[in-house]
Amino acid sequence: MAPSAARSAARSAARPAVLRRLGVADAEPYRAFRLAALRETPSAFTSSHAEEAGKPLSATLHRLAGAERGPGTLIGAFDATGALVGTAGLKVSQRGQERHKGTLYGMAVAPSAAGRGIGRALVREVLRMARQDGRLRQVLLTVSEGNEPALRLYTACGFEVWGREPRAVVVDGRAVAKLHMVRLLDGDRAEAAGR
């Protein structure tokens, strides 16, 4: 690579990702990104690459339409070239007695974009959207045991482990436990009210 091309690539990599809500117009890049994440890190998700690859594009459109309608959201992180390099979603329970709970799901960052703070930005954006909802009091998630980078990220964003599910998923015959984490939003509201 020529020196000027290397400098240009380094500047592009240093630019922060642009975060925005995903919608049905993003179906094809979102599906491709999701399938790549499922293939590269199968134990991080409860869905498998084979299951998701077998679904038609209409299933992706349905998921994105639901995220557009809300409550909840699906956030995408885009690099300087406009490529989707990260995702994180917030699913909100529709049951009256559980309407105070949201779940962070589908968190993934492309390996090419790792180490740039994109994961932290996505988690913070999901938490911001959860606070903005007004009715949510906590956000839940699960993380595969042994996924130390993800565990460190979630802990740094205020999530705490509250339980461990042994054999939560079985990937290629290997049982993987999931840690259940929660981020209470009550303190966030009190802090925001005091400003």
Side-chain angles (χ1 to χ4, degrees), residues 21-22 24 26-77 84-95 98-111 113-114 118-120 122-123 125-127 129-130 136 138-183:
R21 289 181 79 148
L22 296 177
V24 293
D26 301 298
E28 289 184 6
Y30 172 68
R31 185 174 192 273
F33 178 83
R34 182 166 160 72
L35 288 173
L38 290 168
R39 185 177 53 250
E40 291 161 5
T41 54
S43 66
F45 303 96
T46 53
S47 298
S48 74
H49 179 272
E51 288 167 340
E52 293 298 313
K55 293 180 180 177
L57 185 60
S58 61
T60 301
L61 288 165
H62 180 72
R63 174 182 278 216
L64 290 169
E68 275 187 325
R69 278 191 310 274
T73 190
L74 185 55
I75 305 295
L84 181 62
V85 295
T87 61
L90 175 67
K91 191 178 298 179
V92 177
S93 178
Q94 296 302 298
R95 294 179 173 154
E98 292 187 323
R99 181 56 180 83
H100 66 288
K101 295 191 289 189
T103 301
L104 191 154
Y105 74 95
M107 172 66 188
V109 175
I118 293 171
R120 183 179 301 260
L122 284 164
V123 172
E125 181 63 8
V126 165
L127 290 172
M129 297 293 282
L136 293 178
Q138 60 196 52
V139 177
L140 306 164
L141 64 81
T142 61
V143 61
S144 297
E145 191 171 63
N147 187 347
E148 293 305 317
L151 183 59
R152 281 193 301 274
L153 168 64
Y154 297 138
T155 301
C157 290
F159 285 86
E160 297 178 2
V161 174
W162 63 266
R164 177 184 180 274
E165 180 182 358
R167 294 184 286 200
V169 294
V170 177
V171 180
D172 295 328
R174 183 177 64 91
V176 179
K178 292 275 187 182
L179 301 177
H180 293 262
M181 302 186 80
V182 64
R183 169 68 152 81

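In this chain, numbering begins with 1 at the start of the sequence shown. Here the structure is a predicted model, which means the values were calculated and not measured.
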| note | Contacts of K178 meeting side chain to side chain donor-acceptor pair (under 3.5 Å) (sequence neighbours excluded), chain-then-number -> S144

| remark: With sequence neighbours left out, the residues meeting side chain to side chain contact (heavy atoms under 4.5 Å, CB included) with A36 are R39, E40

| message | side-chain contact (heavy atoms from CB on, under 4.5 Å), that's the test. Do M181 and L151 meet it? Break it down for me. | response | CA-CA 9 Å; M181 302 186 80; L151 183 59; 3.7 Å; yes

| remark: Heavy atoms of S43 and V169 approach each other most closely as O-CG2, 4.4 Å

| query | Which pairs, with at least one residue in residues 62-74 and sequence neighbours excluded, count as a side-chain hydrogen bond (donor to acceptor under 3.5 Å, both in side chains)? | reply | R21-T73, Y30-R63

| message | Just verifying a value: how many Å separate L22 CG and L84 CG, rounded to the nearest 0.5 Å? | response | 6.0 Å

| Reported CG-to-OG1 distance for the pair D26 and T87, which is rounded to 0.5 angstrom | 11.5 Å

| A150 to V143 - nearest heavy-atom pair and separation | CB-CG2, 3.7 Å

| request: Please round to the nearest 0.5 Å and tell me the distance separating atom CG of L140 and atom CZ of F159. | output: 8.0 Å

| Atom CD of E28 and atom CG of L61: how far apart are they, to the nearest 0.5 Å? | 8.5 Å

| Contacts of type side chain to side chain contact (heavy atoms under 4.5 Å, CB included), residue E51, not counting sequence neighbours | S47, S48

| request: Kindly state each residue pair satisfying ring pair (Phe, Tyr, Trp, His ring centres under 6.0 Å) with at least one member in residues 36-55, sequence neighbours excluded. | output: none

| said: The criterion is salt bridge (Lys or Arg N to Asp or Glu O under 4.0 Å); which residues satisfy it with R34, sequence neighbours excluded? | reply: E52

| query | Is the backbone N or O of L57 less than 3.5 Å from a side-chain atom of R31, with the two atoms forming a donor-acceptor pair by type? | reply | no

| message | To check you understand the geometry: which heavy-atom pair defines the closest contact between V176 and V171, and what is its length? | response | CG2-CG2, 4.5 Å

| Side-chain donor or acceptor of Q138 paired with backbone N/O of L136 under 3.5 Å | no

| note | Residues R120 and A156: closest non-hydrogen pair is NH1-CB, 3.7 Å

Distance-only check: which donor-acceptor pairs under 3.5 Å involve side-chain atoms of residues 99-110, not counting sequence neighbours?
unit_1 : atom_1 : unit_2 : atom_2 : d
R99    : NH1    : D133   : OD1    : 3.2
R99    : NH2    : D133   : OD2    : 3.0
K101   : NZ     : E98    : OE2    : 3.4

| note | Residues passing the side chain to side chain contact (heavy atoms under 4.5 Å, CB included) test with P149, sequence neighbours excluded, are N147, R152

| request: Taking all heavy atoms of V126 and all of A88, pick out the closest pair and write down the distance. | output: CG2-CB, 3.8 Å

| request: If a pair satisfies side-chain hydrogen bond (donor to acceptor under 3.5 Å, both in side chains) and one of its residues is in residues 157-169, list it, with sequence neighbours excluded. | output: E145-R164, E165-H180

| task | Indicate the atoms forming the closest heavy-atom contact of M129 with L90, along with that distance. | result | C-CD2, 4.3 Å

